[in-house]
Amino acid sequence: QVQLVESGGGLVQAGGSLRLSCEGSGYTFKDRGMGWYRQAPGQDREFVAAINWSGTSVDYSRSVKGRSTISRDNAKNTLYLQIDSLTPEDSAVYYCGARKDSGLGAARSGYTYWGQGTQVTVSS
C-alpha cells in the first residue's frame with residue numbers, strides 16, 4: 001500500500017521558516033520524481049516545487065523561488081521542503097506527490113500518489 005505522510009506544518013509568525021517532510025512507503029521512492037503543492041481555502045491546488053529522482057534537478061514556482069529549498073534523502077525515503085521568509089500568503093495545506101516517472105514537472109497530471117497534507121498557518 002502506497003503511503004505519503006507529510007509532517008512539519010504548524011503555526012508560525014511572518015518572517016519565520018518551516019521545514020516540511022514527506023515520507024514515502026509502499027513503492028520504490030528513489031525511482032520517482034517528487035513534488036510539493038499547496039491549497040489555500042477556496043483556491044485550486046497549486047504547484048510549489050519539484051525534484052527529480054536523484055535530486056540533481058529542481059524547479060520552483062515564482063511565489064517561493066529564492067526563499068525555498070526542495071531536497072530529498074533516498075536512503076530515508078523522505079522528501080523535504082524548506083520555506084523561509086514566510087508570509088500569510090503562504091498559509092495553506094501543503095501536499096507532497098510522487099510522479100509517474102523519475103523526472104520533474106509542475107503539472108498535476110504527472111503525479112500518481114498524494115499525501116493527506118499538512119497545514120501551514122502564517123500569522124501576521
Side-chain angles (χ1 to χ4, degrees):
Q1 179 183 359
V2 173
Q3 277 194 311
L4 294 173
V5 180
E6 301 95 336
S7 62
L11 177 63
V12 63
Q13 287 191 331
S17 299
L18 275 179
R19 190 192 196 204
L20 306 180
S21 299
C22 169
E23 184 172 358
S25 61
Y27 72 103
T28 306
F29 183 85
K30 67 178 179 62
D31 285 351
R32 295 180 184 249
M34 300 288 294
W36 287 98
Y37 284 69
R38 67 187 182 186
Q39 188 168 17
Q43 298 187 23
D44 291 334
R45 191 174 298 190
E46 66 170 357
F47 170 74
V48 176
I51 188 167
N52 72 336
W53 72 277
S54 62
T56 55
S57 294
V58 297
D59 189 25
Y60 299 95
S61 67
R62 279 184 286 181
S63 61
V64 302
K65 193 170 187 177
R67 59 186 183 95
S68 294
T69 302
I70 186 172
S71 60
R72 64 190 296 162
D73 185 339
N74 287 340
K76 296 182 179 180
N77 288 356
T78 303
L79 174 74
Y80 304 99
L81 180 69
Q82 172 86 24
I83 310 180
D84 302 319
S85 303
L86 286 160
T87 73
E89 287 67 39
D90 293 313
S91 296
V93 177
Y94 283 71
Y95 299 90
C96 68
R99 288 186 57 82
K100 304 174 183 179
D101 54 40
S102 61
L104 78 167
R108 285 179 58 185
S109 59
Y111 292 80
T112 304
Y113 306 126
W114 295 96
Q116 293 301 305
T118 185
Q119 176 71 51
V120 172
T121 303
V122 183
S123 63
S124 58

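Treat the numbers as computed from the prediction; the structure is a model and nothing was measured. Reckoned from all heavy atoms, side chains included, excluding hydrogens, waters and symmetry mates.
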How close do [X] and [Y] get, counting heavy atoms only, and between which atoms?
X	Y	result
Gly35	Leu79	O-CD2, 3.9 Å
Ser91	Ala40	O-CB, 3.8 Å
Gly117	Val93	CA-CG1, 3.8 Å
Val58	Leu104	C-CD1, 3.5 Å

Mind checking whether [X] and [Y] have side chains closer than 4.5 Å, heavy atoms only?
X	Y	value
Arg32	Trp53	no
Thr69	Tyr60	yes
Thr118	Tyr95	no

Show me the side-chain donor-acceptor pairs of residues 9-31 shorter than 3.5 Å, one per line, residues at least two apart or across chains.
{"residue": "Ser17", "atom": "OG", "partner": "Asp84", "partner atom": "OD1", "Å": "2.8"}

Decide whether [X] and [Y] are clustered together by the hydrophobic rule: side chain heavy atoms of Ile, Leu, Val, Met, Phe, Trp, Tyr closer than 4.5 Å, transitively.
X	Y	answer
Tyr80	Trp114	no
Ile70	Tyr37	no
Tyr111	Leu4	no

Side-chain donor or acceptor of [X] paired with backbone N/O of [Y] under 3.5 Å:
X	Y	result
Asn52	Gly55	yes
Lys100	Ser109	yes
Trp36	Gly97	no

Determine whether Thr78 and Arg72 satisfy the following criterion, side-chain contact (heavy atoms from CB on, under 4.5 Å), listing intermediate values before the conclusion.
CA-CA 6 Å; Thr78 303; Arg72 64 190 296 162; over 6 Å; no
Roughly how far, to the nearest 0.5 Å, is the [atom2] atom of [Y] from the [atom1] atom of [X]?
X	Y	atom1	atom2	value
Asp90	Ser63	CG	OG	7.0 Å
Arg99	Arg108	CZ	CZ	13.5 Å
Leu86	Ser124	CG	OG	13.0 Å

Name the atoms and distances for all side-chain donor-acceptor pairs under 3.5 Å in residues 44-51, with sequence neighbours left out.
{"residue": "Glu46", "atom": "OE2", "partner": "Arg38", "partner atom": "NE", "Å": "2.6"}
{"residue": "Glu46", "atom": "OE2", "partner": "Arg38", "partner atom": "NH2", "Å": "3.2"}

